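This is a predicted model, so every value here is computed, not measured.
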Amino acid sequence: MRTRIIHAIESYIKSNFSRMSTRQWNQNEPLGYLGLGLDSVEIMAMFFDMEDAFQIEISSGDYYEIHTVNELAAYIEARLRGQSIVQLSGQYGEKIAVTEDGRRITYGEFGRDIKDTASQLKKTGITSEDCVLLALKNSYEYAVIFFAVLECNAVPALADWTAVHELSFIADDSRAAYIISERKGGPFETFAYSGEFMGFEFWKKGEVEKKNWVLQDACLIHYTSGSTGRPNGVVHDIASYCNMITHFRKAMHYTGEEVLLLALPISHGYGLSCVFLSGLYSGSELVMMRQFQPADAIALIEEYRITHLFAVPPMFELMNRVLRRNPQSLASLLYCCSSSLQLHPSVVREFYFVTGKVINQEYGSAETGVISFSDDTVPPKDTNCVGKPLYPRHYKVTEEGELLISSPEKASGYSSGKKIGLWYDTGDLVEIRDEKFFLKGRIKNMLVCGGRKVFAEEIQADLLKIEQVKEAYVCQKKEDSGSCYIKAFLVWEEGVSMSRQEIIERLRSEIDQYKIPGQFVSVPKILTNEMGKVTQQCVENMEKISVIL
């Protein structure tokens, strides 16, 4: 941990004091005039910023006892270790930490299991700064292993357990020395199978490739779903990791009395930050689902009186189907929140009609953490609204409407070695009305046709106005010649279809000619990953089963 903290402090000094960016210095030099040359105001400002960065409090008496970067790093480390989940588990004692399959585990038991597991991991050879790739389903054992890896001062890398064909790439990309996997994803190239660990497969690598300069700072590596290609490793350092937990806890006013349903995978950024980490560090109870099933989720809400439900739109849609057959009020729910995908107004209305509960929205990414969330008491008229910003002073909007973020939760970089700059380009186009964000679309979904800009979401919405169209997905395809065209995947109502010309005639009354797709194909369904996103692999698989109209 100390090394990562020193890197974070050095990065801060170099980025905030330009005169230090090229200067050779070491961590034991005095901060003041006899060493680095910072004046008293600059040093005090740095201490205040370190408090924000690491979510600690430096007592007034200690300000004058810290003279070097190394002493500051040691101070921060001591404060952070006092806030580790193992330390907090002793504080929360007999409160319930995790409920799973009727089994209820207290925080005291949770902390002891983490310490025992950390000891076992060290015996397998895991050392400080090693990266351990975790590709597991939700489970109590997964939670224990995750925190045990951190307790070893090693780096957990989280990946979707179903991404079997990508795990070898992810392991090499993250410079993982070990893999703990749910099922046989191997043989992993360059890894040797070493038997089982807590019922999971355990793999070791002989020689690990040297880490790049971003991975050297890693506290946590989170792999995204790969919607534009292969999964991308988002690297959090110790500062962004602490902020990921603390700021959302403050925003949601968590008191430790909450009962959270963990229906999202721990490996999913939304489930990781807003439920798993924020909930456990608050002393709340997590009711764990290994895999989401709508009827089971509703039963768990009723049985354990869940107070907070975080899910993605496809989950809420499936729950609505169950509630149609067996309406229930879900009276214990105090807050429901959706993220990751566009929330359709009909899903919000139906859920509210049956339960009286509003589905709010959270907006953010693996790179930025939480950007905004809504807190409505009645269903919103415009579901493009994703609430008020969590950090009002840490965003700006370009002339083109693209949102840039510089939040405390912002990741340090990518596993490829690319650093994330001061301002992160979200790729989202937004409007700001009444101090709230309204999403207009994604820049990557902005299709360029004949030099003109078109939004994929706009075309999809117009296709869905055709009553025979059940589902639609629009993307841009490139021909061998280099030219591009718009391609529309369509799912028809049962027993219905239309010709290409009929579709074009219907669209002409809604959109300009240049926005009409160049190709229409029919597919049985729009393929998505577990979280409801259409990845590049989904598009390739749909093309294999499509019929050109």
Legend entry - Short side-chain to backbone donor-acceptor contact, Q87 and S84, under 3.5 Å: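 Checking the backbone N and O of S84 against the side chain of Q87, no donor-acceptor pair under 3.5 Å is found.
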Tell me if the [atom1] atom of [X] is crowded by more than 12 foreign heavy atoms within 6.0 Å.
{"X": "K211", "atom1": "NZ", "value": "yes"}
{"X": "R393", "atom1": "CZ", "value": "no"}
{"X": "K115", "atom1": "NZ", "value": "no"}
{"X": "K357", "atom1": "NZ", "value": "yes"}

Is it the case that the side chains of [Y] and [X] hold a donor-acceptor pair, with the cut-off being a distance below 3.5 Å and no angle test?
{"X": "Q361", "Y": "T383", "answer": "no"}
{"X": "Y391", "Y": "E409", "answer": "yes"}
{"X": "Q55", "Y": "N243", "answer": "yes"}
{"X": "R2", "Y": "N153", "answer": "no"}
{"X": "E367", "Y": "Y414", "answer": "yes"}

Legend entry - Derivation of the salt bridge (charged side-chain N to carboxylate O under 4.0 Å, His left out) call for K419 and D217: CA-CA 11 Å; K419 279 273 188 181; D217 293 348; 3.5 Å; yes
With a 4.5 Å limit on heavy-atom distance, are the side chains of [X] and [Y] in contact?
{"X": "I266", "Y": "S139", "value": "no"}
{"X": "V370", "Y": "C274", "value": "yes"}
{"X": "L439", "Y": "Y363", "value": "yes"}

Legend entry - Residues forming a ring pair (Phe, Tyr, Trp, His ring centres under 6.0 Å) with Y241, sequence neighbours excluded: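 Residues passing ring pair (Phe, Tyr, Trp, His ring centres under 6.0 Å) with Y241: none at all.
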Inset, instruction - Would you sort out whether R433 and D382 count as a salt bridge (charged side-chain N to carboxylate O under 4.0 Å, His left out), showing the intermediate values? - result: CA-CA 12 Å; R433 304 198 300 267; D382 187 348; 3.5 Å; yes
Legend entry - Aromatic ring proximity, centroids under 6.0 angstrom, F276 and F147: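 Aromatic pair counts; centres sit under 6.0 Å.
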Legend entry - Ring centre gap for F110 and Y92 strictly below 6.0 Å: no
Inset, instruction - Begin with the C-alpha distance, continue with both residues' side-chain angles, and end with the deciding distance and a verdict on side chain to side chain donor-acceptor pair (under 3.5 Å) for S240 and D237. - result: CA-CA 6 Å; S240 62; D237 60 17; 3.2 Å; yes
Legend entry - For Y140 against M288, the heavy-atom pair lying closest together: N-CE, 4.0 Å
Inset, instruction - Quick one: closest heavy-atom pair of A366 and T224, and the distance? - result: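 In terms of heavy atoms, the two residues are closest at CB-CG2, 3.9 Å.
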Inset, instruction - Would you mind listing every side-chain hydrogen bond (donor to acceptor under 3.5 Å, both in side chains) that reaches into residues 253-267, with sequence neighbours excluded? - result: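 Matches after skipping sequence neighbours: T255-E258, E258-S284.
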Inset, instruction - Any chance you could lay out the salt bridge (charged side-chain N to carboxylate O under 4.0 Å, His left out) test for E57 and R79, step after step, and finish with the verdict? - result: CA-CA 8 Å; E57 185 175 333; R79 298 303 296 268; 6.0 Å; no
